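Structure first, then comments.
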Amino acid sequence: MDFKEIISEIIFQALNNTEISKEEIKNYIEIPKEEEKGDYAFPCFRLAKILKQAPNMIADNLKEKIVNSNNANATSNEINGNQSIIEKVESISGYLNFFVSKAKIVENAIDKFNKQKEDYGKLDLGEGKTILVEYSSPNIAKPFHIGHLKTTIIGNSLKNIYKNCGFKTISLNHLGDYGTQFAKLIEGYKRWGKEYDLSENPIDKLSEIYKRINELCEEDEKVLEECRETFKKLEEGDEYCVNLWNEFKDLSMKEFERIYDLLNVKFDSYNGESFYSDKMQEVIDILNKNGKLTDSQGAKVVDLEDVGIKAPCIIQKANGSSIYATRDLAAILYRARTYDFDKCIYVVGEEQNLHFKQIFAVAKYLDLDEKYTNGLIHVSYGMIMLPEGKMSTRKGNFVKVEDLLDEAISKSKEIMQEKNVEDKEKVAKQVGIGAVIFEDLKESRIKNQVFDLAEALNFNGETGPYIQYMTVRTKSVLEKAEFNPNDVNINVNILTDDDSIRLIKLIEKFDKIIINSMEKNEPSILARYSIDVASAYSSFYNENKIISDDKESQNARCYLTYMTKVTLINALKLLGIEVPDKM
Ligand code: ARG
């Protein structure tokens with residue numbers, strides 16, 4: 001039952017004016033924030049121009065007409081006796097406020113839920129379309145830092161959301177595995193490799209070697225020259241260089257994989273920058289052919305002033321070597337051809353805003369179909385920092401992400417010690433990781449954030465563990481009641497109190513929330529929603545006796561508990577968070 005549709009029909013009839021369509025009316029209908037303003041509101045200032053009347057007059061008149069013509073009653077149906085769908089219409093300062101029968105709201109939400117049950121929230125609006133989601137993309141032989149953790153978590157959730165909406169999704173990890181830094185590393189390793197045991201914490205050690213060789217390069221121009229030579233060798237496929245590069249890559253990948261395993265994140269492709277190293281000439285050729293390359297102090301650049309970007313995009317350095325942007329452009333060509341994508345989303349921090357503006361602008365000069373160039377989207381996010389103190393000081397400004405995750409798990413293990421939980425290890429992992437994931441998703445992504453682990457693990461805060469805890473509660477209520485989801489004989493009138501209605505209305509809009517998160521590429525919308533559902537359940541639980549001798553009311557309240565459980569589990573799944581059996 002589409003209440004908005006019914007209300008727009010009522011208004012349309014009462015208005016009896018050809019200048020405004022029912023569709024338009026429907027689009028203007030809002031859901032008021034304050035409950036006392038009803039379930040739906042129609043802002044009459046939208047009609048002021050057509051009717052040449054003040055909005056409050058329009059509202060008053062319309063209300064009269066609706067009440068007198070009994071249009072509200074005309075839409076009643078027989079399901080619940082003679083109860084009408086719209087119980088009351090009010091005119092308040094230019095708004096027409098509609099109060100829907102509570103029993104109808106409940107009935108409607110249950111019907112909607114029952115169509116999908118455990119699949120509640122699954123959508124098919126993306127069928128036939130392909131979305132590429134590129135995220136994580138750490139750099140080989142460099143630490144996986146807390147910013148990489150954020151893209152990993154946001155990207156994984158977006159992939160889940162798109163998939164849930166019926167899109168074919170492909171997850172890409174654009175590894176930073178190319179560039180002169182690898183030549184430096186090889187040169188450093190040649191000199192001091194024997195001093196380091198790479199079988200343990202290899203990234204730390206490679207980072208140190210990198211630091212040392214960089215210092216040496218600064219002191220001694222000759223060493224820098226050697227590094228440049230080595231890069232050339234690497235590009236030409238020199239066996240010694242390529243083997244070492246592969247070894248560094250394998251060692252790094254092992255560390256990254258451990259993090260991905262903990263987070264339960266997977267990729268369909270790990271084609272990193274090096275994969276595109278032999279595909280860049282085509283980019284240069286096309287840009288050349290299209291007259292887009294100009295010389296700037298020996299380098300080749302694309303001027304972007306025309307499209308409002310002051311900084312030109314450098315395509316080739318003066319010494320002939322390619323750069324980051326060129327590899328990204330080659331990747332766009334490759335992805336368009338390989339995947340025929342409808343959208344290609346890059347989850348990368350805001351410090352690369354200019355880079356993506358530039359490459360998306362240059363991509364328009366690559367003779368690609370507009371479908372592809374219009375589908376390129378940079379999903380950017382703000383800075384993420386650790387609070388001062390223990391976690392942030394370990395070597396420079398970053399902490400190892402693996403240490404952070406381990407710490408989250410061990411802290412949650414401490415909490416579990418006090419609880420009567422069977423598989424403490426497993427639950428501690430689910431809760432610790434869930435806490436970190438939720439913390440990274442709960443704010444709108446563009447906001448700068450201080451990552452506070454203690455806060456993330458607070459069972460009473462707006463946190464992952466809080467939602468997990470409420471979800472577990474729904475499970476235990478249903479277990480205790482020996483609930484049978486097939487028993488759908490529900491007296492909806494039992495669920496018309498304020499707390500039940502609030503919860504039901506939230507559950508009813510799950511699909512809209514998912515679509516909104518998807519359209520804005522904003523998992524935080526879904527994260528906030530999960531908090532709202534969990535806390536609405538908590539109020540419902542506190543205010544209503546669920547398990548009781550009155551089987552009719554037990555049945556209805558259990559059914560709402562079941563709807564809550566499925567909604568929360570499915571929402572958390574989209575965020576990438578598991579739900580323990582007990583906690
Ligand atoms: N490796 C880069 C970094 O760590 C991120 C890569 C982003 N993706 C891209 N297609 N440029 O900063």
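By convention here, the first residue in the shown sequence is residue 1. Whatever order the structure lists ligands and atoms in, that order sets their numbers, starting from 1. Computed over heavy atoms, backbone and side chain alike; hydrogens, waters and symmetry mates excluded. Here the structure is a predicted model, which is why all the values come from computation and not from measurement.
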Is a donor on one side and an acceptor on the other found under 3.5 Å between the side chain of K205 and the backbone of D197?
yes

Is it true that Q352 lies under 4.0 Å from ligand 1, counting heavy atoms only?
yes

Nearest heavy atoms of D278 and F275, plus distance in Å:
OD1-O, 3.5 Å

Nearest protein heavy atom to atom 8 (N) of ligand 1, by residue and atom, and its distance?
E134 OE2, 2.7 Å

Pairs touching residues 140-164 that satisfy salt bridge (charged side-chain N to carboxylate O under 4.0 Å, His left out), sequence neighbours left out:
none

Looking at T463 and N458, would you say the former's side chain and the latter's main chain have a donor-acceptor pair under 3.5 Å?
yes

Just distances here: any N/O of E273 and N/O of ligand 1 closer than 3.5 Å?
no

Shortest non-hydrogen contact from I467 to A527?
CD1-O, 4.5 Å

Is there a polar contact between ligand 1 and Y346, counting only N or O atoms under 3.5 Å apart?
no

Specify side chain, backbone, both or neither for Y135, according to which of its non-hydrogen atoms lie closer than 4.0 Å to ligand 1.
neither

Assess R327 for proximity to ligand 1: is some non-hydrogen atom of it under 4.0 Å away?
no

So which protein heavy atom does atom 1 (N) of ligand 1 come closest to, and at what separation?
N139 OD1, 2.7 Å

Looking only at non-hydrogen atoms, the one of F144, Y178, Y324 nearest atom 7 (C) of ligand 1 is Y324

